[in-house]
Protein chains: 2
Amino acid sequence: MLTFDMTEKQEKILQAALQLFAREGFHATSTSKVAKKAGVSEGLIFRHFGNKEGLLQAILEEGENRLKSLFVDIVMEPNPKEVIRKTIEMTDKIDVSDYDFWKLQFKLKWELEISGDKKMEPLNMALTNAFRKLNYESPELEAQLLILFIDGLGSAVLKGSKLNSDQMIQLLLKKYNI
Amino acid sequence: MLTFDMTEKQEKILQAALQLFAREGFHATSTSKVAKKAGVSEGLIFRHFGNKEGLLQAILEEGENRLKSLFVDIVMEPNPKEVIRKTIEMTDKIDVSDYDFWKLQFKLKWELEISGDKKMEPLNMALTNAFRKLNYESPELEAQLLILFIDGLGSAVLKGSKLNSDQMIQLLLKKYNI
DNA sequence: TAGATATAAGTAAGTACTCACATAAAAATT
DNA sequence: AATTTTTATGTGAGTACTTACTTATATCTA
């Protein structure tokens, strides 16, 4: 990621914080734990990020970008059926090494009350347009419904549910005649 | 609820804890905060519930029962189309005064890693059966998909999303030809 | 040598939890 | 029915420890 002007230790801190926040939770993770895991003095966290909240923000900003880069391929797609297909297959595109990162995003929606509604807006628009082109009766609703689904599927996968996501994706594609 | 052999103060504690855990989170809520809100000495919490975890368990046990009573009407239903309809309309049945309670259930799935998969098993069975009777190709998958939807819908409603759940329910009913 | 990067050793406030003690309710004994 | 004994319910001050955050001091690097 484009975190170029960053010390080695700064990155270590972010990495450790991401893992701990994602696995244990924000409030359950102390700054001293983060420092220990990062192999760094606790004070350094506050030098670089101001406070614990600032540390979280630094992680979340990167999240904004990652989400956008996931969406850009979908939003640019002209073929409406392809928009829907790519959306449905989105969860499959998530790299296992990024699980901590996405888990944190979901977790924070509940632990702190970060909505995530706004972040979905571009996808919502793209889907609404796609459904409109395909002459669906309520394109806006259809878009929200599909977003609801990928949110649920993502959440299930990240929580380690025994649900077979490949089969689920196939089933959905069929339902949308793709 | 059937918490008959309970002191007034005991119920006050549970009530305060439920509200705080649901709105602020488990780790963000201290036992002293709970005691203060309940108008009770902090020690009493530990007298009655052993520790903070025990306090949470007491609240969650009630949850088990509430979930069952939500399901029983669906599970007993013989008409498969009615099973699906009742499932889809489930979120509508949730009383606003119970929002804290359900919010806590969703929140805990992420804050502590409480799966909730098992609790859904009866509903999963009922739906699988219903879809089988209606000759759907993959009844198990269809059941899981519908559960994914209502989970997402409930989560959206509780998080105060601007999504119109009535319209969403209508759309879903139409998709299942009900 | 000046400024950024880092640390170790603090701080005050908060954390979950305990304990000695008081009172109210229930049971047992007279 | 009156009295004692036991138990359940409650308190408030204290425990050891952790928390987020600060500050004085050292060590790099340009």
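Model, not experiment: these values are computed from the prediction. Numbers restart at 1 for each chain; the letters A, B, ... are given by sequence-line order, proteins then strands.
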Rounded to the nearest Å, what distance is computed from the [atom1] atom of residue [X] to the [atom2] atom of nucleotide [N]?
X: B/Phe49; N: C/dA16; atom1: CZ; atom2: P; value: 15 Å
X: A/Asn51; N: D/dT23; atom1: CG; atom2: P; value: 15 Å
X: B/Glu8; N: C/dA25; atom1: CD; atom2: C1'; value: 15 Å
X: B/Lys52; N: D/dT18; atom1: NZ; atom2: P; value: 16 Å
X: B/Gln10; N: D/dT11; atom1: CD; atom2: P; value: 12 Å
X: B/Glu53; N: C/dC17; atom1: CD; atom2: P; value: 9 Å
X: A/Leu44; N: D/dC21; atom1: CG; atom2: C1'; value: 14 Å
X: B/Lys36; N: D/dG10; atom1: NZ; atom2: P; value: 21 Å

Q.
What residues from residues 18-34 of chain B pass a heavy-atom cutoff of under 4.0 Å to DNA chain C?
A. B/Thr29, B/Ser30, B/Thr31, B/Ser32

Pair [X] + [Y], salt bridge at N-O below 4.0 Å:
X: B/Arg85; Y: B/Glu77; value: no
X: A/Lys86; Y: A/Asp73; value: yes
X: A/Glu121; Y: A/Lys118; value: no
X: A/Asp98; Y: A/Arg66; value: yes

Q: Note down the inter-axis angle between the two ends of the helix from C/dT1-D/dA30 to C/dA26-D/dT5, five pairs each, to the nearest 10°.
A: 10°

Q. What is the minimum heavy-atom distance between B/Met90 and B/Phe71, and which atoms define it?
A. CE-CE2, 3.8 Å

Q. How about B/Glu42 and B/Ser32: does a side-chain donor come under 3.5 Å of a side-chain acceptor?
A. no

Q. Closest to the A/Lys9 side chain: D/dA20, C/dA6, D/dG10?
A. C/dA6

**Q.** Minimum side-chain heavy-atom gap B/Gln144-A/Leu171 below 4.5 Å
**A.** no

Q) Within less than 4.0 Å of OP1 or OP2 of C/dA4, is there a side-chain N or O belonging to A/His48? A) no

Q. Base, sugar-phosphate, or nothing: which does A/Glu42 touch, judged by heavy atoms less than 4.0 Å apart?
A. base

Q. Which class fits the ring pair B/Trp110 and A/Phe106: parallel under 30°, tilted 30 to 60°, perpendicular over 60°?
A. parallel

Q. Stepwise, does the salt bridge (charged side-chain N to carboxylate O under 4.0 Å, His left out) test hold for B/Glu142 with B/Arg132?
A. CA-CA 9 Å; B/Glu142 294 279 354; B/Arg132 202 190 319 278; over 6 Å; no

Q: Would you kindly compare B/Phe46 and A/Val40 by the position of their nearest DNA chain C nucleotide and give the one closer to the 5′ end?
A: A/Val40

